[in-house]
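Worksheet for the structure shown next.
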Amino acid sequence: MKVKIKRWHAVATWQWDVNDERCGICYTAFEACCPDCHIPGDDCPPVWGRCNHAFHMHCIMKWLNSQQNANKQTCPACRQKWEFRA
Amino acid sequence: MSTAARRRLMRDLKRLQSDPPQGVQGAPLDNNIMTWQAVIFGPDDTPWEGGTFKLLLEFTEDYPNKAPAVRFVTKMFHPNIYNDGQICLDILQNQWSPIYDVSAILTSIQSLLCDPNPASPANSEASRLYQDNRREYNRRVKEVVEQSWIADDDDDEDGDEEGEEEAGAEKEKGGAAGGGGQA
Ligand SMILES: [Zn+2]
Ligand SMILES: [Zn+2]
Ligand SMILES: [Zn+2]
């Protein structure tokens with residue numbers, strides 16, 4: 001029983017937000033750029049947190065910078081502390 | 001000018017129109033996408049049933065990194081709603097996240113109607129009645145439901161004065177009853 005649950009968990013982790021092609025902050029597609037940019041491309045890439053949620057680089061930076069308290073620099077989707085995935 | 005906040009609000013509007021949540025409506029004012037009017041309909045099979053409660057949402061250029069200022073325009077009687085219509089709701093304050101949109105805000109407020117949070121009272125009388133005297137609480141809620149229709153009539157030029165007088169009388173009656181209870 002425990003083994004089964006572990007395996008299921010592994011599958012769930014594998015399927016990170018790759019299905020979700022939109023940035024959850026600005027609601028535009030990752031292949032388009034964030035609302036502050038004009039040209040899609042490498043300047044405005046999606047970035048992943050260690051929690052596996054992805055946002056436009058500019059969108060997540062704007063959110064993190066708007067939080068004065070460092071403890072509040074959390075992932076908008078799951079509220080875990082935001083750390084960029086290497 | 002098209003800013004990030006305005007573009008996001010356009011997307012909120014599209015989503016609200018293409019995938020409308022049950023029991024809520026919202027749209028920006030004609031010439032200003034930064035201010036929205038919304039209506040929450042009281043959920044069926046609750047004391048709120050039949051009510052049409054109007055709200056105003058004011059967004060800043062920091063949206064969606066900052067929550068909008070939201071308040072009820074319709075007079076409410078609810079443990080977590082102040083007399084001036086301001087709402088005490090965690091996602092509008094310290095639990096705000098930029099993944100929320102207008103749809104999410106309105107549905108959260110709608111569920112707050114029937115599911116108050118007694119831990120953060122904004123209206124002490126409503127809070128007390130909700131906990132100690134649910135019958136009287138429900139009666140007061142039904143009162144604001146009926147007042148919400150009168151307020152609607154105010155929109156038509158005709159029944160204007162009559163409606164206002166009735167609302168005023170109700171208010172005085174409510175105040176007197178409240179004072180008696182406390183003495
Ligand atoms: Zn984005
Ligand atoms: Zn960008
Ligand atoms: Zn996350």
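Protein chains get the first letters and strands the later ones, always in sequence-line order, with residue 1 at the start of each. These figures come from a predicted structure and were not determined experimentally. Atoms considered below: every heavy atom in the structure, side chains included; atoms not considered: hydrogens, waters and symmetry mates.
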Rounded to the nearest 0.5 Å, what's the gap from [atom1] on [X] to [atom2] on [Y]? Could you check?
{"X": "B/Asn65", "Y": "A/Leu64", "atom1": "CG", "atom2": "CG", "value": "9.0 Å"}
{"X": "B/Ile99", "Y": "A/Cys26", "atom1": "CD1", "atom2": "SG", "value": "13.0 Å"}
{"X": "B/Lys66", "Y": "A/Trp63", "atom1": "NZ", "atom2": "CH2", "value": "9.0 Å"}
{"X": "B/Arg7", "Y": "A/Asp36", "atom1": "CZ", "atom2": "CG", "value": "8.0 Å"}
{"X": "B/Arg8", "Y": "A/Cys23", "atom1": "CZ", "atom2": "SG", "value": "8.5 Å"}

Inset, instruction - Answer whether the closest heavy-atom distance between the side chains of A/Ser66 and B/Asp62 falls below 4.5 Å. - result: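 When only atoms from C-beta onward are counted, B/Asp62 and A/Ser66 do not touch, as no gap falls below 4.5 Å.
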How close do [X] and [Y] get, heavy atom to heavy atom, and via which atoms?
{"X": "A/Pro76", "Y": "B/Ser97", "result": "O-OG, 2.7 Å"}
{"X": "B/Trp96", "Y": "A/Arg79", "result": "O-NH1, 4.0 Å"}
{"X": "A/Tyr27", "Y": "B/Tyr100", "result": "OH-C, 3.8 Å"}

[X]-[Y] co-clustered via ILVMFWY side chain contacts under 4.5 Å:
{"X": "B/Leu29", "Y": "B/Phe53", "result": "no"}
{"X": "A/Ile25", "Y": "A/Val47", "result": "yes"}
{"X": "B/Val39", "Y": "B/Met76", "result": "no"}
{"X": "B/Ile91", "Y": "B/Tyr82", "result": "no"}
{"X": "B/Trp149", "Y": "B/Phe77", "result": "yes"}

Inset, instruction - Check each atom of B/Asn94 against the heavy atoms of chain A and say whether the ones under 4.5 Å are side chain, backbone, both or neither. - result: both
Legend entry - Summary of side chain to side chain donor-acceptor pair (under 3.5 Å) pairs that have at least one residue in residues 21-40 of chain B, sequence neighbours excluded: B/Asn32-B/Thr35
